[in-house]
Structure formats: structure tokens, C-alpha cells
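Working notes, beginning with the structure itself.
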Amino acid sequence: MNPSSYRRIWKVVRRIPKGRVATYGQIARLAGLGGAARLVGYALHALPDDERTVPWQRVINAQGRISPRGFPGAEEVQRRLLLREGVRFDRRARIDLARYGWKER
DNA sequence: AATTTGACCATAA
DNA sequence: GTTATGGCCAAAT
């Protein structure tokens with residue numbers, strides 16, 4: 001048993017409830033890859049565009065912001081998806097993790 | 001086989 | 001508030 005780490009990551013991401021967000025580091029920890037936050041970003045980047053069972057938009061960085069992509073404009077898509085779920089951003093495009101952060105061990 | 005790269009994080013100054 | 005550094009893992013070159 002050692003399904004690809006990507007699959008474990010996606011599995012964890014699927015558990016994030018609607019209207020909540022989690023950080024890359026948090027996902028890595030829950031997936032048993034503590035410390036390997038970068039891998040989470042990489043795994044999400046590798047998701048097919050038509051994938052809809054994984055709520056990738058609920059994963060943000062530790063600063064409560066949407067991580068910059070290579071492609072400009074992608075951030076806006078994510079922001080829109082989150083707004084549609086009821087997640088609010090403050091004036092500096094940051095999310096209050098104390099309020100919207102996913103609490104789970 | 002070795003090196004580079006990436007949607008990151010915590011810590012230090 | 002900022003910038004720099006080291007650590008972590010898998011996929012692509």
C-alpha cells in the first residue's frame with residue numbers, strides 16, 4: 001500500500017466541507033506528508049481541468065490568500081468559486097482562517 | 001541516474 | 001510589514 005501521494009492528497013481535499021478552506025500545509029499533514037506542502041500544490045496543479053470531484057478551490061496558502069499561478073487570471077476563477085460558497089475575502093483579498101478555516105484532525 | 005522545478009511553510013533577521 | 005533560507009516530495013527533463 002502506497003497509492004500515489006497525489007491520490008491521498010486528493011482524498012483529503014475532498015473532505016473539505018463547502019464554505020470552508022484549508023491550507024496546503026494542513027492538507028499535507030492530513031495526507032501523511034507532513035512538511036511536504038509543496039507537493040500538495042503540485043498535486044493540485046496536476047489535476048485535469050475537468051475534474052470536479054476535488055474541490056481544489058478550497059485549498060489556499062497559509063497566509064489566507066490564493067496562491068499565484070503561472071497563468072494569470074486563474075486566481076480570479078478560484079475567488080469566484082469561493083465567493084459562490086459563501087467564503088468572504090477582506091479588502092486585501094485575504095480569508096479569515098479563524099473563521100473559514102477547516103477544523104479537523 | 002542526476003538535476004531541476006513547483007498552486008508551500010516555518011523561522012529568522 | 002519585508003526578504004532570505006532550508007526543508008519537504010514527486011514528476012519532468
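Not measured: the values here are computed from a predicted model. Within every chain, numbering begins at 1; the chains are lettered A, B, ... in the order of the sequence lines, protein sequences first and strands thereafter.
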Residues within residues 84-100 of chain A bordering DNA chain B, heavy-atom distance below 4.0 Å: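 Hits under 4.0 Å, by residue number: none.
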
Length of the [atom1]-[atom2] vector between [X] and [N], whole Å:
X        : N       : atom1 : atom2 : result
Arg38(A) : dA11(C) : CZ    : P     : 15 Å
Arg7(A)  : dA11(C) : CZ    : C1'   : 16 Å
Asn61(A) : dC8(B)  : CG    : P     : 7 Å
Leu47(A) : dG6(B)  : CG    : P     : 18 Å
His45(A) : dC9(C)  : NE2   : P     : 21 Å
Arg58(A) : dA7(B)  : CZ    : P     : 22 Å
Arg29(A) : dC9(C)  : CZ    : P     : 16 Å
Arg65(A) : dC9(B)  : CZ    : P     : 12 Å

Within the structure provided, determine whether [X] and [Y] are in side-chain contact (heavy-atom separation under 4.5 Å).
X        : Y        : result
Trp56(A) : Gln78(A) : yes
Asp90(A) : Asp96(A) : no
Lys18(A) : Arg58(A) : yes

Would you mind classifying the nucleic acid contact of Leu33(A) as base, sugar-phosphate or nothing, using non-hydrogen atoms under 4.0 angstrom? nothing

Closest to the [X] side chain: [options]?
X        : options                 : answer
Trp56(A) : dA7(B), dC9(B), dC8(B)  : dA7(B)
Tyr6(A)  : dA7(B), dC8(B), dA10(C) : dA10(C)
Ala37(A) : dA7(B), dC9(B), dC8(C)  : dC9(B)
Ser5(A)  : dA7(B), dC8(B), dC9(C)  : dC9(C)

Following the transitive rule for hydrophobic clusters with a side-chain heavy-atom cut-off under 4.5 Å over Ile, Leu, Val, Met, Phe, Trp and Tyr, establish whether Tyr100(A) and Ile66(A) coincide in one cluster. yes

Please name the pair of heavy atoms, one in Ile9(A) and one in Ala43(A), separated by the smallest distance, quoted to 0.1 Å.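 Closest approach of Ile9(A) to Ala43(A): CD1-CB, 3.8 Å.
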
Heavy atoms only: give me the nearest Gln26(A)-Trp102(A) pair and the separation to one decimal.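 For Gln26(A) and Trp102(A), the tightest heavy-atom pair comes out as NE2-O, 2.8 Å.
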
Does the base of dA7(B) carry an N or O that pairs as donor and acceptor with the side chain of Tyr24(A) under 3.5 Å? yes

5′-ward residue of the pair Tyr42(A)/Gly34(A) relative to DNA chain C: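 Per heavy-atom nearest nucleotide, the more 5' residue is Gly34(A).
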
Write down the distance separating the P atoms in dA7(B) and dG7(C), rounded off to the nearest Å. 22 Å

Roughly how far, to the nearest 0.5 Å, is the CZ atom of Arg84(A) from the CD atom of Gln57(A)?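 Between atom CD of Gln57(A) and atom CZ of Arg84(A) there are 8.0 Å.
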
